[in-house]
*Asks:* 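One structure, as structure tokens, below. Some questions next.
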Amino acid sequence: MILIEKLYNRTGLAILILLGLIIAVGTAKFGPIFGALLLVMAVGIPMVVSVVMFPNFGMIVVLIMAYLLFLLMRIGVSGPIGIIMDGLQVLMMLGLLIRQRRERNWAQLSGPITTMILIWIGYNVFEIANPSAESRLAWVYTIRSVAIVLLSYFVFLYNIRSIQMVRLIFKLWLGLALFAALYAYKQEYIGFSAVEEAYLNSDPAIASILLIGGHWRKFSIFSDPVAFAYNMVMPSILCICIIAGKFKLWKKLVLGFVMCLYLQSMLFSGTRGANVLLPAALFLFAILNYNKKVLIFTAVAAVFLVFLINVPTNDQNLLRFQTAFRPNKDDSYTARKVNQKRIQPFILSHPMGGGLGATGTWGRRFAPGSYLSRFPPDSGYIRVAVELGWIGLTIFCALMFTILRTGINNYYKIKDPELKTYCLAMTLIIFAYNVANFPQEALVQFPSNVYFSMAAAMLTVVYRLDRQKRRPDEVMYKDETVKY
């Protein structure tokens, strides 16, 4: 309205006419490229400025883009979407540095998790000098997803400063997960889109992985069924913690219904590894919240789980769910055990591993004749051990231990019931991600890598907010006092 008022005069009319002439002449002379450049300038520049100068807006954009990244690529949005994600994270880090320069509060970023993340990133950067690496170019492509994306931890840690922002992020997460679940229902009961059909039929190798018993595994809006399944379990854990917490009854009922949608749609993925994550998270939940109600709930859940594992069925989704709890009878699990046993001598004899990107897609692309390029890691931990050696595996395990220890300690320190619930949820999600990282690579794919960093930052954020709530006069940032 203010802009309209400013332009509602002769001067404004002259400006609009001049702008129209520029667009008309430019489009006539240079074609659609000129229009595209104008669009980039009109939308892109304000977006860049907003991401840098308004961190809350930037965080929301990053979280949404991380979820919708592969959907945008699938529906034909042109342009380097992956590079745009990298650019958004760079802009967020730039915004953090600008804000830090003004506030000069490095203590806000300190802590044991920060120390371990910096050590982990530093070690990955040092891997470029690994004498056993077959390709330096593979390092360039791999370090983005393995280490650099963890820098978003500092963005979330520094910029989330209110309980309202915490709630908004969790609402956004649950909303995006609901959209993904409903999209999977569409794939299951209505069918794939034309673009998805073309992808599934583009390579026989895709059918060998995604077609089981004549039934396609569903991947929803994500890159593959594994990423889809894992990203249904994590918001389900958040729902369980809120349902068990001190929240309004209608919120618990809504989240209970939504959680059922998440978990049933997860079965469409046919991902066995995802089926054990929720029981594992509930096991830790019972340990951290040992009381009569939790004990009864755990017992009921255990009985229901035993029933699902043993009930006779012809449903392919339920059959794959049951095999997740009988790994010794599964041929793929046996093959993985053989591969892991075969690679152990290499891990022990290479303390720095074979170099980032030595296995998997990048290994086959940049060092096709090497020994590691033919090795299927099939596990986040095994990949770390093979590519970064037992030194890297030790650092990685220490990082995960530090994050979980911080979450557990802060959970017992926090007094506010709502913040305590959020801390518990993030701790359980971090734990579930680590369990998931054993059978699959759970922490290097979008959106899991971004949401893992957010969950890790939340462990410290909610404790900080709780401390401020109990001591409202405490100044946490230079030149400003936080009030609640």
*Asks:* I would like to know whether Y183 and K218 meet side chain to side chain contact (heavy atoms under 4.5 Å, CB included); could you show each step before the answer?
*Replies:* CA-CA 10 Å; Y183 195 91; K218 305 306 182 294; over 6 Å; no
*Asks:* Taking the six-membered ring of F219, is NZ or CZ of R74 closer than 6.0 Å to its centre and within 45° of its axis?
*Replies:* no
*Asks:* Got a sec: does the OH of Y371 have more than 12 other heavy atoms crowding it under 6.0 Å?
*Replies:* yes
*Asks:* Any sub-3.5 Å donor-acceptor pair from S220's side-chain atoms to A180's backbone N or O?
*Replies:* yes
*Asks:* Spell out, as yes or no, whether a donor-acceptor pair under 3.5 Å connects the side chain of R464 to the backbone of L157.
*Replies:* yes
*Asks:* Give the intermediate values and the outcome of side-chain hydrogen bond (donor to acceptor under 3.5 Å, both in side chains) for residues D466 and Y422.
*Replies:* CA-CA 11 Å; D466 179 74; Y422 296 152; over 6 Å; no
*Asks:* Would you confirm whether E387, through its side chain, and G353, through its main-chain N or O, come within 3.5 Å as a donor-acceptor pair?
*Replies:* no
*Asks:* Quick one: does T271's side chain have a donor or acceptor within less than 3.5 Å of a partner on P225's backbone?
*Replies:* yes
*Asks:* Test T427 against every option in I408, I403, N409 by the side chain to side chain contact (heavy atoms under 4.5 Å, CB included) rule and name the one that passes.
*Replies:* I408
*Asks:* Just by distance, do the side chain of W139 and the backbone of N124 share a donor-acceptor pair under 3.5 Å?
*Replies:* yes
*Asks:* Enumerate the side chain to side chain donor-acceptor pair (under 3.5 Å) contacts for residues 438-451, please, sequence neighbours excluded, ordered by first and then second residue.
*Replies:* S223-Q445, N231-S448, R383-E441
*Asks:* For P112, enumerate each residue passing the side chain to side chain contact (heavy atoms under 4.5 Å, CB included) test, keeping only those at least two apart in sequence or located in another chain.
*Replies:* T402, R405, T406
*Asks:* What's the shortest heavy-atom distance between A436 and L277, and which atoms?
*Replies:* N-CD2, 3.5 Å
*Asks:* What verdict does the side chain to side chain contact (heavy atoms under 4.5 Å, CB included) test give for I60 and M165, after you've listed the backbone C-alpha separation in whole Å, the side-chain angles of each residue and the deciding distance to 0.1 Å?
*Replies:* CA-CA 10 Å; I60 295 301; M165 189 61 191; 3.9 Å; yes
*Asks:* Got a sec: does the CZ of R101 have more than 12 other heavy atoms crowding it under 6.0 Å?
*Replies:* no
*Asks:* Pick one: which of K469, R167, K246 meets side chain to side chain donor-acceptor pair (under 3.5 Å) with E418?
*Replies:* R167
*Asks:* Is the Y230-Y433 ring centre distance short of 6.0 angstrom?
*Replies:* no
*Asks:* So for atom OH, which belongs to Y412, do other residues, nucleotides or ligands contribute more than 12 heavy atoms lying within a distance under 6.0 Å?
*Replies:* yes
*Asks:* Would you say F57 has more than 12 foreign heavy atoms packed within less than 6.0 Å of its CZ?
*Replies:* yes
*Asks:* Would a 4.5 Å heavy-atom cut-off, applied to side chains only, mark S379 and N437 as touching?
*Replies:* no
*Asks:* Between L428 and C241, is the side chain to side chain contact (heavy atoms under 4.5 Å, CB included) condition met? List the steps.
*Replies:* CA-CA 9 Å; L428 297 184; C241 291; 3.6 Å; yes
*Asks:* Measure across Y411 and K420 and return the closest heavy-atom pair with its distance rounded to 0.1 Å.
*Replies:* O-NZ, 2.6 Å
*Asks:* Nearest 0.5 Å, please: how far is CG in L176 from CD1 in I221?
*Replies:* 7.0 Å
*Asks:* Can you list every pair that meets side chain to side chain donor-acceptor pair (under 3.5 Å) and has a residue in residues 248-264, with sequence neighbours left out?
*Replies:* Y185-Q264
*Asks:* Does the separation of the ring centres of F446 and Y67 fall below 6.0 angstrom?
*Replies:* no
*Asks:* Tell me the closest heavy-atom pair linking I121 and L150, and the distance in Å.
*Replies:* CD1-CB, 4.4 Å
*Asks:* Determine the interplanar angle of the F346 and H350 rings, folded into 0 to 90°, and report it as parallel if under 30°, tilted if 30 to 60°, perpendicular if over 60°.
*Replies:* parallel
*Asks:* Provide the closest heavy-atom pair for A138 versus G357 in the form atom of the first, atom of the second, distance.
*Replies:* CB-O, 3.7 Å
*Asks:* Side chain to side chain contact (heavy atoms under 4.5 Å, CB included) for L267 and L263? Distances and angles first, verdict last.
*Replies:* CA-CA 7 Å; L267 296 178; L263 295 178; over 6 Å; no
